[in-house]
Amino acid sequence: MSIQQTLTTSFRQQILQAEQNIATDTLKLALYTGLATLGPNTTVYDTSYEVVGTGYTAGGNILTGVTISTSANGIVYVDFANSVWNPAAFTCRGALIYNFSKGNKSVAVLDFGSDKTCQTSFTVQMPENTSTSALLRFN
């Protein structure tokens with residue numbers, strides 16, 4: 001099994017076909033164990049190997065604070081508020097951002113690089129809101 005950080009191929013196509021609108025749709029962040037297989041070919045949210053533990057509900061958290069920006073050199077990028085589970089006691093390896101409003105279609109896969117274990121709370125800290133750091137970037 002493996003988790004590969006990427007924008008999913010289906011999302012890239014759907015965004016160009018106006019099937020997803022990340023400015024107005026409800027996006028969610030689901031957490032997964034290291035047994036999950038997530039990557040560019042992931043098309044929808046799936047419960048296989050999703051985290052189970054204290055404070056975590058299947059489907060994950062709604063992403064808030066969605067901000068779409070454009071840099072001076074034409075890169076469009078998206079920022080989200082951090083996602084917090086508190087209380088929390090579980091182990092996860094990665095995450096899937098998916099569009100709850102559009103039949104759970106995938107957006108992006110996050111790889112945490114190693115298993116992350118928590119006993120009190122868990123935060124997915126989003127990177128800086130810049131054209132070189134944001135999770136979702138189009139150039």
Side-chain angles (χ1 to χ4, degrees):
M1 309 300 167
S2 69
I3 297 176
Q4 181 182 356
Q5 184 153 320
T6 185
L7 287 178
T8 63
T9 303
S10 59
F11 173 71
R12 294 170 198 240
Q13 180 178 3
Q14 291 161 4
I15 206 78
L16 292 173
Q17 295 171 333
E19 292 179 34
Q20 294 199 42
N21 184 340
I22 57 178
T24 59
D25 294 345
T26 298
L27 301 182
K28 294 185 84 174
L29 180 72
L31 301 177
Y32 289 86
T33 70
L35 297 174
T37 299
L38 301 169
N41 296 324
T42 300
T43 58
V44 295
Y45 159 76
D46 185 340
T47 59
S48 298
Y49 302 109
E50 187 174 8
V51 163
V52 174
T54 302
Y56 186 82
T57 302
N61 284 348
I62 294 174
L63 287 173
T64 61
V66 179
T67 305
I68 300 172
S69 304
T70 305
S71 69
N73 60 349
I75 297 173
V76 178
Y77 54 101
V78 182
D79 186 47
F80 306 99
N82 294 341
S83 193
V84 179
W85 287 264
N86 189 10
F90 51 76
T91 298
C92 62
R93 171 58 193 251
L96 176 69
I97 297 174
Y98 68 97
N99 193 324
F100 182 73
S101 298
K102 299 293 193 248
N104 297 332
K105 292 179 178 181
S106 68
V107 173
V109 175
L110 309 180
D111 179 2
F112 300 153
S114 64
D115 283 349
K116 305 299 179 188
T117 300
C118 60
Q119 296 299 323
T120 55
S121 68
F122 186 79
T123 301
V124 175
Q125 184 172 346
M126 299 300 174
E128 290 186 50
N129 185 24
T130 68
S131 63
T132 57
S133 298
L135 288 175
L136 305 182
R137 298 185 300 262
F138 303 90
N139 45 346

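Heavy atoms only: backbone and side chains are in, while hydrogens, waters and symmetry mates are out. Not measured: the values here are computed from a predicted model.
- Heavy-atom contacts from other residues, nucleotides or ligands closer than 6.0 Å to CD of Gln125 number 12 or fewer.
- Residue Phe112 places its CZ atom among more than 12 non-hydrogen atoms of other residues, nucleotides or ligands, all under 6.0 Å distant.
- The nearest pair of heavy atoms linking Ala23 to Ile68 is CB-CD1, 3.7 Å.
- Within the model, atoms CZ of Phe90 and OG1 of Thr54 stand 9.0 Å from one another, a figure rounded to the nearest 0.5 Å.
- Annotation: side chain of Thr43 is not in contact with side chain of Thr8 (no heavy-atom distance under 4.5 Å).
- For the pair Ile97 and Leu135, the minimum side-chain heavy-atom distance is below 4.5 Å.
- Looking at Gln4 and Pro40, their side chains come closer than 4.5 Å, going by heavy atoms from C-beta outward.
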Audit row: Phe138, Leu7, side chain to side chain contact (heavy atoms under 4.5 Å, CB included) steps and yes/no: CA-CA 10 Å; Phe138 303 90; Leu7 287 178; 4.2 Å; yes
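- Inter-residue side-chain proximity for Ser69 and Asp79 is flagged as unmet; no heavy-atom pair is nearer than 4.5 Å.
- Residues Val78 and Val109 are members of separate hydrophobic clusters, defined by side-chain heavy-atom contacts under 4.5 angstrom among Ile, Leu, Val, Met, Phe, Trp and Tyr.
- Here the side chains of Leu29 and Trp85 are in contact, with some heavy-atom distance below 4.5 Å.
- Thr42 contributes atom OG1, which lies 15.0 Å from atom NZ of Lys105 (distance to the nearest 0.5 angstrom).
- Listed here is the closest heavy atom pair of Val44 and Gly103: CG1-O, 4.2 Å.
- Of all heavy-atom pairs spanning Val107 and Leu27, the tightest one is CG2-CD2, 4.2 Å.
- Under a hydrophobic-cluster definition in which Ile, Leu, Val, Met, Phe, Trp and Tyr are linked whenever side-chain heavy atoms come within less than 4.5 Å, directly or via other members, Leu35 and Leu110 are assigned to different clusters.
- Counting only heavy atoms from C-beta outward, the side chains of Phe11 and Ile22 approach each other to under 4.5 Å.
- Shortest non-hydrogen contact noted between Leu63 and Ala81 is CD2-O, 4.5 Å.
- Interatomic distance, Ile15 CD1 to Ser10 OG, rounded to the nearest 0.5 Å: 11.0 Å.
- By the ring-ring contact (aromatic ring centres under 6.0 Å, His included) test, Tyr32 pairs with no residue at all, sequence neighbours left out.
- Two residues are said to be in side-chain contact when any heavy atoms from C-beta on lie closer than 4.5 Å; Tyr49 and Arg93 fail this criterion.
- Thr6 OG1 to Asp111 CG: the interatomic distance, rounded to the nearest 0.5 Å, is 11.0 Å.
- Asn99 places none of its side-chain heavy atoms less than 4.5 Å from the side chain of Gln14.
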Criterion side chain to side chain contact (heavy atoms under 4.5 Å, CB included) on Ile62 and Lys28, from CA distance to verdict: CA-CA 4 Å; Ile62 294 174; Lys28 294 185 84 174; 4.1 Å; yes
Working for side chain to side chain contact (heavy atoms under 4.5 Å, CB included), residues Tyr56 and Cys92: CA-CA 11 Å; Tyr56 186 82; Cys92 62; over 6 Å; no
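- In this structure, NZ in Lys102 is found 8.0 Å from CD in Gln20, a value given to the nearest 0.5 Å.
- Residue Glu50 comes nearest to Asp46 through the heavy atom pair OE1-O, 4.5 Å, listed as atom of the first residue, atom of the second, then distance.
- For Tyr45, the ring-ring contact (aromatic ring centres under 6.0 Å, His included) partners at least two apart in sequence or on another chain are Tyr98.
- Taking all atoms of both residues into account, the shortest heavy-atom contact from Gly59 to Ala30 is O-CB, 3.9 Å.
- Rounding to the nearest 0.5 angstrom, the gap separating the CG atom in Leu31 from the CG atom in Asn61 is 7.5 Å.
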Any chance you could lay out the side chain to side chain contact (heavy atoms under 4.5 Å, CB included) test for Thr33 and Thr91, step after step, and finish with the verdict? CA-CA 7 Å; Thr33 70; Thr91 298; over 6 Å; no
